[in-house]
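Sequence lines set the chain letters: A, B, ... in the order given, protein chains first and strands last, and positions in each chain run from 1.
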Amino acid sequence: MPELPEVETVKRALDARVCGLDIVKVETFSPAMRTSLAPLSAAGLEGRRILGVRRRGRYMVMDLAGGKSLLMHLGMSGVLRVEPPSVPRRKHEHIFFHLSDGSALRFECTRRFSICEPCDCAGGCWPSALDKLGVEPLSEDFTADYLFGASRGHTGNIKNFLMDNSIVVGVGNIYAAETLFTAGVSPLRRACDLTSAEAEKLAVAVRATLEAAIRAGGSSIRDYRHLDGSEGSFSLQLKAYGRAGEPCPVCGTAIARITQSGRSSYYCPKCQK
DNA sequence: CGGACAACCTGGTTGC
DNA sequence: TGCAACCAGGTTGTCC
């Protein structure tokens, strides 16, 4: 569900809200998201203080006192909320972390694609499962040169290339569409055919789009919600994604919808070359 | 190896 | 109203 701006928004809010609190009790309600929840209670999370939350790609790691951490991924439909445990449990809320201020961190996941499992990655390192992730698009390592170099030899289309997490993390279906629109590049182009000037435009567009989306608190298309249940507003600024048939905001041509690798792509056939 | 695609799971929307 | 088909923001494994 969430791409980088949504996860970053959740991460920031979570870090600000639960840092310094203790996990008093862990309550699990239904067996398994993608990984079993059974180890959660056995992992000795209860009684540990929350030290902080960090993000790598779409993964979040919540560090706890004593060298334990919790690896979390929201999948397609994961929602984290901090609210009183007395609020009636929703149908797909799988875990309650009861916190020392009386609130609960509640993990909801309708489609069960999420991950929430203990890991040993204290001291700022990351679980080995994240080893193959590419560069962070908001880091100084993500440059036009990097993007151009990485695209050489990739004969697949540029849209799938942007969504390849071993190249650059956090760009999913929504922001791939928005980025390509902003850069004026057709999603049908082969990655290896990009010029260095186009790679430059794309790198700038990726950074600008993600930063603008973070400022707006992410895009709430379907399930995505903030920690308090409110919605992100960037969906109002989407120029191409989900707008098939609507006029392009630049030239008025109808936005087209096509399928690439089984997923919908939206673009302006006139502006995007 | 790169790239296309199915599978994982549930629910909402669309269309007959 | 009923029901089937299709769609959905991610990741992983399989096949060619």
Among the candidates [options], find the nucleotide nearest to the side-chain atoms of [X].
X      : options               : answer
A:R58  : B:dT10, C:dG10, B:dG3 : C:dG10
A:M163 : C:dC7, C:dT11, C:dG10 : C:dG10
A:T110 : B:dA4, B:dT10, C:dG10 : B:dT10
A:R112 : C:dT11, B:dC9, C:dG10 : B:dC9
A:K91  : C:dC7, C:dG10, B:dG11 : B:dG11
A:S261 : B:dA4, C:dG10, C:dC7  : B:dA4

Rounded to whole angstroms, how far apart are [atom1] on [X] and [atom2] on [N]?
X      : N      : atom1 : atom2 : value
A:I115 : B:dC9  : CD1   : C1'   : 14 Å
A:Q260 : B:dC5  : CD    : P     : 11 Å
A:H92  : B:dG12 : NE2   : C1'   : 12 Å
A:L74  : C:dG10 : CG    : C1'   : 11 Å
A:D164 : C:dG10 : CG    : P     : 13 Å
A:R152 : B:dG3  : CZ    : P     : 12 Å
A:R257 : B:dT13 : CZ    : P     : 16 Å
A:N160 : C:dT11 : CG    : C1'   : 14 Å

Less than 4.0 angstrom between a side-chain N/O of [X] and OP1 or OP2 of [N], yes or no?
X      : N      : answer
A:S77  : B:dC9  : no
A:H154 : B:dC1  : no
A:N173 : C:dG10 : no
A:H73  : C:dG10 : no
A:N165 : C:dG10 : no

Using only modelled atom types and a 3.5 angstrom limit, is any donor from either the side chain of A:R111 or the base of B:dC9 paired with an acceptor on the other?
yes
With hydrogens left out and only the distance checked, is there a donor-acceptor pair under 3.5 Å joining A:R263's side chain and the base of C:dA8?
no
Classify [X] by what it touches in the nucleic acid, base, sugar-phosphate, or nothing, heavy-atom distance under 4.0 Å.
X      : value
A:G172 : sugar-phosphate
A:T155 : sugar-phosphate
A:Y241 : sugar-phosphate

Would you call the rings of A:F234 and A:Y175 parallel, tilted or perpendicular if under 30° counts as parallel and over 60° as perpendicular?
tilted
Whole-angstrom distance between C:dC3 and B:dC9, as gauged at atom P
24 Å
Hey, is [X] close enough to [Y] for a salt bridge, meaning N to O under 4.0 Å?
X      : Y      : answer
A:E6   : A:R58  : no
A:D22  : A:R48  : no
A:D164 : A:K159 : no
A:E93  : A:R106 : yes
A:R225 : A:E108 : no

Within a strict 4.5 Å, meaning less than it, do heavy atoms of the A:F161 and A:S151 side chains meet?
yes
Would A:F113 pass as stacked on C:dT11, i.e. its ring centre under 5.5 Å from the base's six-membered ring centre and planes under 30° apart?
no
The correct list of stems in which DNA chain B takes part (3 or more consecutive Watson-Crick or G-U pairs, distances under 3.5 Å) is B:2-8 with C:10-16, B:10-16 with C:2-8
Give a yes or no on whether the backbone of A:D228 and the side-chain of A:E83 come within a donor-acceptor separation of less than 3.5 Å.
no
Within 6.0 Å of NZ in A:K11, more than 12 heavy atoms from elsewhere
yes
